[in-house]
Amino acid sequence: MRTLGSVRAARAAAAAVLAFAAAAALNAAPSSLNFTGSAETLLSGGALDDEAGGGAFFGAEQYANLRLKARFGDRGTFYGALNLIAATGAPVAAGGDSLLSVGDNYAAALELERLYYRIESDAADVEAGLMRLPFGYGQAWSPSDFLSPRNPMLPDARTRGVLAAAASAYPDDRLKLKAFAVAPKDAESADGAGAVFGATADFHAERASVQVLYSAEALSEPIHRVGLSAKIEAGLGIALDALLTVGSADAANLDADAALDGLQASAGFDYSFFGGNLYVLAEYLWDGGSADNPGAFEGGNYLYGSIVYYFDDYTSATLDCAAALDDGSLAPGLTLGYEPFQGFSLSLSCRTPLGDGEYGPSAENPRLTVSATAKAKF
């Protein structure tokens, strides 16, 4: 039986879908609207670890990402994006927090992913709303990207947005300065605790880029973050990224041990062989273990690597693996991809955690996961 709250949520979901459908219809005529998106069908199954009761599992998910872009005036652009998920069986990465009951067997989720506007000029721009604020240049892990930490084993996952406002200035063709403010993620924070304020400076040369980051998080014990990221393109692509996190009480008496506790740093490279048919990526991550650092790491040393081979323009194979070096656990995976025609792709993937540590089989990590995906882009 539906509650009043679920009925209201269902009505809100229907209204959102109708709004995006109306935008799609308007997009058929010449206008400033641009409606795009993707639809994805996922079937997954595998074997559970003994901690999760053992046995096998199966799940199915239908996912859609709908994106809207509209120009207003000569300098303004509005952006919106919505995720819709219907799922059954095994837990899948729906990503939404508002689950709505659908019958007795299915679950559905609605998530507002982006909702913001940008006003641009030749020397500056301003943006505000629910948006992505990316930091750093890391490709697998990126410690500087603390607002939306990445998971290299989910490279296609769309990163969450934050309620924020940002202003950027371009004093030089190679220099970008940005100031930003992020609202607390706790919806019940009435005193502003958890708000983040900061600034970045990006310098871009012909073959190298550098970014410097500073932010302060408003808590009873404020948290300060200082980030430095660099990338170099010289045939071999090199990316370096580091984030130092300290509390106000520690900042005045920061010693080497405290600095290591609050430090996350990564170093990686990528390179293409045989005219681009073979692509290799490797990245190392050090995590100091501070509770104030983003992400959930149990150890201190991690390594990620992936190899992608393109048989032709339509067929590829990807072998990747994340390793927790401190406990020896691994999470290797293999993905085969095929694009029968433009805008539609098929993939088959398998992942088998190994070892007894963080990445090994556990209640959170099935012993074996096999998934098949069909994805359409429009």
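Position 1 is the first residue of the sequence; numbering continues from there. Values below: every heavy atom of this structure, side chains too, minus hydrogens, waters and symmetry copies.
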F274, CZ atom: more than 12 neighbouring heavy atoms under 6.0 Å: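 Counting other residues, nucleotides and ligands, CZ of F274 stays at 12 neighbours or fewer.
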**Message:** Would you say that more than 12 heavy atoms from the other residues, nucleotides or ligands in this model lie under 6.0 Å from the CG of D173, or not?
**Reply:**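 Atom CG in D173 is not crowded, with 12 or fewer foreign heavy atoms closer than 6.0 Å.
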Quick check for you: to the nearest 0.5 Å, what is the distance between [X] atom [atom1] and [Y] atom [atom2]?
| X | Y | atom1 | atom2 | result |
| --- | --- | --- | --- | --- |
| H224 | L244 | NE2 | CG | 11.0 Å |
| L42 | Y63 | CG | OH | 12.0 Å |
| K69 | N34 | NZ | CG | 6.5 Å |
| L154 | N151 | CG | CG | 4.5 Å |
| D74 | S121 | CG | OG | 12.5 Å |
| R114 | L68 | CZ | CG | 14.0 Å |

Could you tell me whether a side-chain N or O of [X] sits under 3.5 Å from a main-chain N or O of [Y], the two making a donor and an acceptor?
| X | Y | value |
| --- | --- | --- |
| N301 | W286 | no |
| R67 | Y79 | no |
| E217 | I223 | no |
| S215 | V196 | no |
| E283 | Q139 | yes |

Checking [X] now: which residues fulfil side-chain hydrogen bond (donor to acceptor under 3.5 Å, both in side chains) with it, not counting sequence neighbours?
| X | result |
| --- | --- |
| S272 | none |
| Y310 | none |
| R132 | D145, T159 |
| T77 | R71 |

Is [Y] close to [X] at the side-chain level, that is, under 4.5 Å between some pair of heavy atoms?
| X | Y | result |
| --- | --- | --- |
| L240 | S229 | no |
| L115 | F78 | yes |
| V162 | K185 | yes |
| Y279 | D270 | yes |
| E40 | T373 | yes |

Which residue pairs satisfy the ring pair (Phe, Tyr, Trp, His ring centres under 6.0 Å) criterion with at least one member in [range], sequence neighbours excluded?
| range | result |
| --- | --- |
| residues 156-215 | F135-F180 |
| residues 311-333 | Y309-F311 |
| residues 318-337 | none |

Please check if [X] and [Y] belong to a single hydrophobic cluster, counting links between Ile, Leu, Val, Met, Phe, Trp and Tyr side chain heavy atoms closer than 4.5 Å.
| X | Y | result |
| --- | --- | --- |
| V226 | V210 | no |
| L263 | V212 | no |
| L325 | L354 | no |
| L112 | L84 | yes |
| Y117 | F35 | yes |

Side-chain donor-acceptor pairs of residues 328-339 under 3.5 Å, sequence neighbours excluded:
residue, atom, partner, partner atom, Å
S329, OG, D327, OD1, 2.7
S329, OG, E358, N, 3.3
S329, OG, Y359, N, 2.9

### Query
In chain order, what residues pass the salt bridge (Lys or Arg N to Asp or Glu O under 4.0 Å) check against R158, with sequence neighbours excluded?
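With neighbours one apart ignored, the set is E113.
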D320: what forms a salt bridge (Lys or Arg N to Asp or Glu O under 4.0 Å) with it, not counting sequence neighbours?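 Partners of D320 under the salt bridge (Lys or Arg N to Asp or Glu O under 4.0 Å) test: R351.
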- [ ] Start with the C-alpha gap between D125 and I119, add the side-chain angles, then the distance that decides, and say whether side-chain contact (heavy atoms from CB on, under 4.5 Å) holds.
- [x] CA-CA 5 Å; D125 61 62; I119 299 175; over 6 Å; no
Worksheet item: Step by step, would you call I85 with Q62 a side-chain contact (heavy atoms from CB on, under 4.5 Å)?
Response: CA-CA 6 Å; I85 306 101; Q62 183 63 43; over 6 Å; no
- Decide whether S38 and N65 meet the rule of one side-chain donor and one side-chain acceptor closer than 3.5 Å.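 Result is no, nothing qualifies.
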| Side chains of D287 and Y302: do they bring a donor and an acceptor to under 3.5 Å? | no
Over all heavy atoms of both residues, which pair between [X] and [Y] is shortest? Give the atoms and the distance, please.
| X | Y | result |
| --- | --- | --- |
| A239 | G138 | CB-CA, 4.4 Å |
| G136 | Q211 | N-OE1, 2.9 Å |
| L219 | A193 | CD2-C, 4.3 Å |
| P143 | L243 | O-CD2, 3.2 Å |
| G360 | N365 | O-ND2, 3.1 Å |
| L130 | Y116 | O-CD2, 3.4 Å |

What pairs meet the salt bridge (charged side-chain N to carboxylate O under 4.0 Å, His left out) rule with one or both residues in residues 366-378, with sequence neighbours excluded?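 For residues 366-378, and leaving out neighbouring residues, the salt bridge (charged side-chain N to carboxylate O under 4.0 Å, His left out) pairs sorted by first residue read D49-R367.
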_Among residues at least two apart in sequence or on other chains, which ones pass side chain to side chain contact (heavy atoms under 4.5 Å, CB included) with K178?_
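Only E127, L133, A166, S168, K176, T200 meet the side chain to side chain contact (heavy atoms under 4.5 Å, CB included) criterion with K178.
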Do F273 and Y271 have their ring centres less than 6.0 Å from each other? yes
>> What verdict does the side-chain contact (heavy atoms from CB on, under 4.5 Å) test give for F297 and L285, after you've listed the backbone C-alpha separation in whole Å, the side-chain angles of each residue and the deciding distance to 0.1 Å?
In response: CA-CA 10 Å; F297 296 101; L285 172 71; 3.5 Å; yes
**OP:** Begin with the C-alpha distance, continue with both residues' side-chain angles, and end with the deciding distance and a verdict on side-chain hydrogen bond (donor to acceptor under 3.5 Å, both in side chains) for S144 and D241.
**Re:** CA-CA 7 Å; S144 291; D241 202 345; 2.5 Å; yes
Query raised in the report: Are V182 and L147 close enough, and set up right, to give a side-chain contact (heavy atoms from CB on, under 4.5 Å), and what steps lead you there?
Result: CA-CA 9 Å; V182 182; L147 292 175; 4.0 Å; yes
